[in-house]
Amino acid sequence: MYENFKQLSDKYEEGYRCIHKDMTKGCTYTLRNFDKGKIYTISSNDRMEIGEMEHFLDNLEEVKRKTGYDCICTGYETDD
């Protein structure tokens, strides 16, 4: 597994979400955790890794469109 792809999926598990993508030099994703107010940046120049990250994000968006909610549990949700 690619290192940056693993970071991206791990950050999504922690509650970060992609707020910006810059493809001018390779690909840079800016992630934000809205609960904690923190920003994290992941960059890659590897086309295969970028493809994996794009596929991951596209799949999440597809589930979100179909179900109306985010499909990754961050562990912060409650059943109150």
Side-chain angles (χ1 to χ4, degrees):
M1 182 183 291
Y2 297 105
E3 181 180 329
N4 293 315
F5 173 73
K6 174 127 176 58
Q7 285 179 11
L8 178 67
S9 62
D10 288 348
K11 288 298 178 186
Y12 258 74
E13 289 286 333
E14 293 174 24
Y16 286 80
R17 296 298 179 260
C18 186
I19 59 170
H20 182 71
K21 176 175 71 172
D22 182 4
M23 304 240 352
T24 54
K25 288 185 178 180
C27 190
T28 301
Y29 298 95
T30 303
L31 309 174
R32 181 171 182 192
N33 184 313
F34 290 93
D35 292 332
K36 296 178 181 179
K38 293 185 178 182
I39 303 270
Y40 190 82
T41 303
I42 298 173
S43 298
S44 180
N45 291 317
D46 185 312
R47 288 184 182 180
M48 294 297 289
E49 183 174 46
I50 293 168
E52 287 289 320
M53 291 190 283
E54 285 293 305
H55 184 70
F56 174 77
L57 294 173
D58 288 345
N59 283 344
L60 294 177
E61 280 302 311
E62 183 65 26
V63 169
K64 192 174 177 181
R65 273 192 292 272
K66 288 180 180 177
T67 63
Y69 58 89
D70 199 331
C71 64
I72 295 184
C73 178
T74 62
Y76 296 108
E77 294 81 10
T78 61
D79 291 337
D80 293 337

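From a predicted model like this one, the values you see are computed outputs, not experimental measurements. As a basis for the values below, the full set of heavy atoms in this structure was taken, side chains included, without hydrogen atoms, waters or symmetry mates.
Every residue was checked against the ring-ring contact (aromatic ring centres under 6.0 Å, His included) condition with Tyr40, not counting sequence neighbours, and none meets it. Residues passing the side-chain hydrogen bond (donor to acceptor under 3.5 Å, both in side chains) test with Asn45: none are found, sequence neighbours excluded. Residues passing the side chain to side chain contact (heavy atoms under 4.5 Å, CB included) test with Ile39 are Ile19, Thr30, Arg32, sequence neighbours excluded. With sequence neighbours left out, the side-chain hydrogen bond (donor to acceptor under 3.5 Å, both in side chains) criterion links Lys21 to Glu54. Residues forming a side-chain hydrogen bond (donor to acceptor under 3.5 Å, both in side chains) with His55 (at least two apart in sequence, or on another chain): Asn59. Legend: residues meeting side-chain hydrogen bond (donor to acceptor under 3.5 Å, both in side chains) with Arg65, ordered by chain and number and at least two apart, are Glu62.
Under the 4.5 Å side-chain heavy-atom criterion for grouping Ile, Leu, Val, Met, Phe, Trp and Tyr, Ile50 is connected to Met48 within one hydrophobic cluster.
Proximity of Lys36 to Tyr16: side-chain heavy atoms (C-beta onward) are nowhere separated by under 4.5 Å.
Judged by distance alone, the side chain of Tyr12 and the main-chain N or O of Cys18 form a donor-acceptor pair under 3.5 Å. Side-chain atoms of Asn4 come within 3.5 Å of backbone atoms of Ser43 as a donor-acceptor pair (strictly under, hydrogens ignored).
In the model, Asp22 has a side-chain atom that pairs as donor or acceptor with a side-chain atom of Thr24 under 3.5 Å.
Residues Tyr2 and Glu49 approach most closely at CB-OE2, 2.9 Å, considering heavy atoms.
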ask   = Do Asp10 and Lys6 pass the side-chain contact (heavy atoms from CB on, under 4.5 Å) test, and can you show the C-alpha distance, the side-chain angles, and the key distance before you say yes or no?
value = CA-CA 6 Å; Asp10 288 348; Lys6 174 127 176 58; 3.1 Å; yes
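The OG atom of Ser44 lies 4.0 Å from the CE atom of Met53; values are rounded to the nearest 0.5 Å. Remark: Gln7 CD to Leu31 CG distance equals 9.5 Å, nearest 0.5 Å.
A salt bridge links Lys11 with Glu14: the closest approach of a Lys/Arg side-chain nitrogen to an acidic carboxylate oxygen falls below 4.0 angstrom.
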